[in-house]
Novice: 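What follows is a single structure, and I will ask about it in a moment.
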Amino acid sequence: MKQAKDIRDSYIRFFTERAHTFVKSSPVAPQDDPTLLFTNAGMNQFKSIFLGDNPKNLSRAVNSQKCMRVSGKHNDLEEVGVDHHHHTFFEMLGNWSFGDYYKKEAIKWAWELITDVWGLPKEKVYATVYTDDDDAYEIWNSETDIDPARIGRHGAEDNFWEMGETGPCGPCSEIHFDTGEGTCIYENDPNHTCGVNVEGCGRYVEIWNLVFMQYNRQKDGTLTELSAKHIDTGMGFERIVRVIQGVRSNYETDLFMPLIEKMEALSGKTYEFGEAGIPFRVIADHMRALVFSITDGVSPSNDGQGYVIRRILRRAYRYGRKLGFTEPFMHRLVPVVVSSMGEAFPEVAERADYVASVIEGEEARFDKTLETGLTRLEELAEAYRAAGKGVISGADVFLLYGTYGFPADLTALIAREYGLEADEEGFAEEMRKQKAHDRSLRAGGDDQGLSPDGWTILSHEGGTVFTGYDTARDTVQVKRYKCVDDHTGLAVLDKTPFYAEKGGQCGDRGEISFGDITLSVVDTIVWNDMIVHKLVSDVPLQESWFTQAGTAVIDTERREAIRRNHSATHLLQAALTEVLGDHVDQAGSRVDAESLRFDFTHFSALSSDEIVQVERLVHRWIMEDTPVAAEEKSIDAAKKEGAKALFGEKYGDTVRVVSMGEFSKELCGGTHIDRLGKIGPFKITGESSVSAGVRRVEAVSGAAAVELFQQTDALLKETATLLKVPREALPAKGAELIKTIRQLERELKEYTAQSAGKEAGEILAAAEKNRHGGVACLARNVGELEKDQFTAMVDEVSDRLKQPTHESVAVVLGAAVQGKAMVAALAGAAAAKILPAGEVVKAAASKVQGGGGGSPVRAQAGGKDPAGLDAAMEAAVTLMQERFSAADE
Ligand SMILES: [Zn+2]
Ligand SMILES: [Zn+2]
């Protein structure tokens, strides 16, 4: 059997032999497209070329791209593993022509590769072309020996591809393969006839899509011919491996079987093709997604990509229970993924230990959550039953899902044990709301005009040269621009001193002037490989400005602060490694003008002592004033020297290595000070947890650190003056004050209880003078009180009414507490039989715009209007007199 890795290799070799450049897969978590949560197609990293910018002058490319699809029309997470062809993580093989070869070569080579190199039987291969695409039809007919009967014409739904509502698009030609009888689950369904492009058919599978980009869709919907035509192809790797290996399902290929076999060994259960195989398939699929995304720098969290990863992990863990796993097991599958994928994607091998520890930490955490969730669900079921409700609301089912990861069917199952149902319809509605919310979050990047349409392109030549390492000012020419509205715009330049947000360092700000006009640059970002300047103008933007040469100047004071913080971040990483150990790996960072933040792998909180050690070390290096060196070299040379790389970062063949003495060497494109002494003072301001196994340290340097010292000093001085002690004595003084306050609180409590006792006696005596039908009753507005005082008084009266001597007494008390009304009704046992306290409190509460209730002997209510308290007492008295008198007759 041909192995998956040989199939991948032979695809790449086939095209490199035909002058294609092999391009490494970009990370699965994209860094320069805010509108995209995960890389979802091979063409993502070439988007800028299709949009007209080709800095490396690439004409042909081939690769295998790591992709993730977790939501959207065709990929609901809940379907993955239930069937045999949906995946969260998958590879997409692709070959590209950028304005080079076109339809003829694309089709001829595709046919040659699948039938000649891979030897798929020609009589089982089908081709489709777009209805109007006579060229493609003719090429299939004349350039290949496919049976013309197996070339079909299809409509736009299947055979026309668009990047978005506007932008590059064109017809496509798909290749389908007949996998034979017995592979379609609808085979015996009278409403289904197996065939190419038949919805849901498992027998005729699409293996390759060749897109011919020949048009540009305008805003008004019309198509214009592109001057340079492109080829963009995509082949689902798991699917082609299944076809070539001749197995029934993607999961039976050697991409998934080793994982399934390992699970069989660990669980003692046997994999099956049908329903019993679902847990195996879910876990096998999800393991690959977890290993690749965590390797590329995503950590489980509660939003964005991290939330998707957390959901995937939890879904797999729950399915693990069905295989009998009762404790963390998924981390033990990491080496299996590494051994089958580590050769093609070396990053997963390099990062394996880290990935396993993150997964194990998150599993253990979720295990605890599941236990808590189970308890919560039991409580909830109990409460529903007590309230006489038979259906757990959709909102509660959703809460259990969102907070504890309980799927609706599990909740329904447990609810049934309590004789309850779960509102699954209501749950689905809540899910729809959540999804709409997710979608709006994802679309978030678009509101700043970062979409392919609306650009005016002045020059296609080359990319943007970044000159900001050495200079703060440059003469520039606009390559493309876009007016987002009258006063804001975007511009890409031929060269720029502006650093665009990348690698954790924030974008520069400053100004660009054209003649007399000066525009503010409020941010600089990377978008599809381009450095985009966000412009704001006081006067309405005019397109004519952008055709002249301009002067770009960065805000140097701000940049200096950023430089200091960035260099300090490198020192911080080196110091953390020295103090805590070699397991410290960068998990993310954020550097701006105000402060810096560094996330790294470590499993416990830093002690105060460790923080002091790290700060001392950083300062020692700063005071040594070592020069900072930056050097460009090949990525292999840099790695050989031991330069630290950031995982999930897209590195080119040449990288920049930033070194500080012997203690720090990192791959880094950021801007740094030239000597470490310029950092000035440095201070850690915070330490916290980001997720299981990842800690965060926050710090300040330079002027911000001086300011922090001054503020802290002023604060101490002010406090010491206020407390009239020298500052060294502040902690002792604080402890003493706390002790005194506790003592006073105790005394106050005793006093309140005493006075409540006194008042209760007085209230009961007053009630005795007011008997109706044998029941002593009284309602009294006690005026303004603290809540504790009122409660103490009510407790005291309530206690006394429990005694047999007071069983025929009823008392109502009202008070104004912090601007609100409080009413309590209390009754002895005999009085309560005639008139329950709940009824009295209701009558009284209606006069203070409130409501409440309680037991027959004690009821309480709150109200908005304390001015109504007298009327409330009157209503209570009237009701008590009436009912107690009547009972006597
Ligand atoms: Zn079928
Ligand atoms: Zn750096």
Side-chain angles (χ1 to χ4, degrees), residues 31 83-85 124 126 152 158 176-207 239 242-243 248-249 297 466 468-469 499-508 526 559 561-577 584-593 595-600 618 621 628-633 635 638 642-651 655-661 663-674 676 678-679 682 697 699 701:
Q31 283 145 9
D83 60 28
H84 289 259
H85 54 274
K124 290 190 175 177
Y126 292 75
D158 294 306
H176 295 250
F177 188 80
D178 176 6
T179 60
E181 278 176 32
T183 52
C184 179
I185 49 174
Y186 303 114
E187 211 168 53
N188 299 317
D189 185 335
N191 298 317
H192 178 92
T193 312
C194 287
V196 169
N197 282 339
V198 172
E199 177 79 29
C201 187
R203 174 171 168 178
Y204 292 86
V205 296
E206 180 202 323
I207 54 175
R239 209 179 276 181
R242 174 206 154 188
V243 164
R248 276 178 302 180
S249 150
F466 175 63
Y469 290 131
Y499 183 83
E501 174 165 356
K502 206 171 180 174
Q505 179 179 332
C506 69
D508 275 328
V526 180
R559 164 73 89 75
I562 296 170
R563 277 183 206 270
R564 276 194 288 273
N565 280 336
H566 197 147
S567 297
T569 308
H570 284 216
L571 292 184
L572 177 61
Q573 172 166 13
L576 285 166
T577 310
V584 168
D585 227 335
Q586 176 165 356
S589 70
R590 169 77 209 174
V591 172
D592 57 32
S595 62
L596 64 98
R597 194 175 87 189
F598 183 71
D599 297 348
F600 60 101
V618 169
W621 288 328
V628 177
E631 225 185 324
E632 297 222 329
K633 49 184 71 173
I635 181 129
K644 286 205 172 183
L646 178 56
F647 279 90
E649 189 70 51
K650 191 163 81 184
Y651 291 112
V655 291
R656 190 160 170 271
V657 178
V658 174
S659 323
M660 300 169 179
F663 39 87
S664 166
K665 198 178 276 264
E666 287 186 47
L667 299 191
C668 176
T671 59
H672 290 269
I673 34 127
D674 55 355
L676 290 181
K678 287 189 182 167
I679 294 175
F682 168 87
V697 166
S701 76

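Atoms within each ligand, like the ligands themselves, are counted from 1 in listed order. Sequence positions, counted from 1, serve as the residue numbers for this chain.
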Novice: If the Zn ion (ligand 1) is the vertex, what is the angle to SG of C184 and SG of C201, rounded to 10 degrees?
Specialist: 120°
Novice: Judged by atom type as modelled, is there a donor-acceptor pair below 3.5 Å linking the side chain of Y469 to the main-chain atoms of G669?
Specialist: yes
Novice: To 10 degrees, how wide is the angle SG (C668) to the Zn ion (ligand 2) to NE2 (H566)?
Specialist: 100°
Novice: With distance as the sole test, does Q505 use its side chain to make a donor-acceptor pair with the main-chain N or O of T671 at under 3.5 Å?
Specialist: yes
Novice: With the Zn ion (ligand 1) at the center, what angle do NE2 from H192 and SG from C194 span, rounded to 10 degrees?
Specialist: 110°
Novice: Write down the atom of H570, the atom of M660, and the distance for their closest heavy-atom approach.
Specialist: CB-CE, 3.7 Å
Novice: So, the side chain of R239 versus the backbone of H85: is there a donor-acceptor pair under 3.5 Å, distance only?
Specialist: no
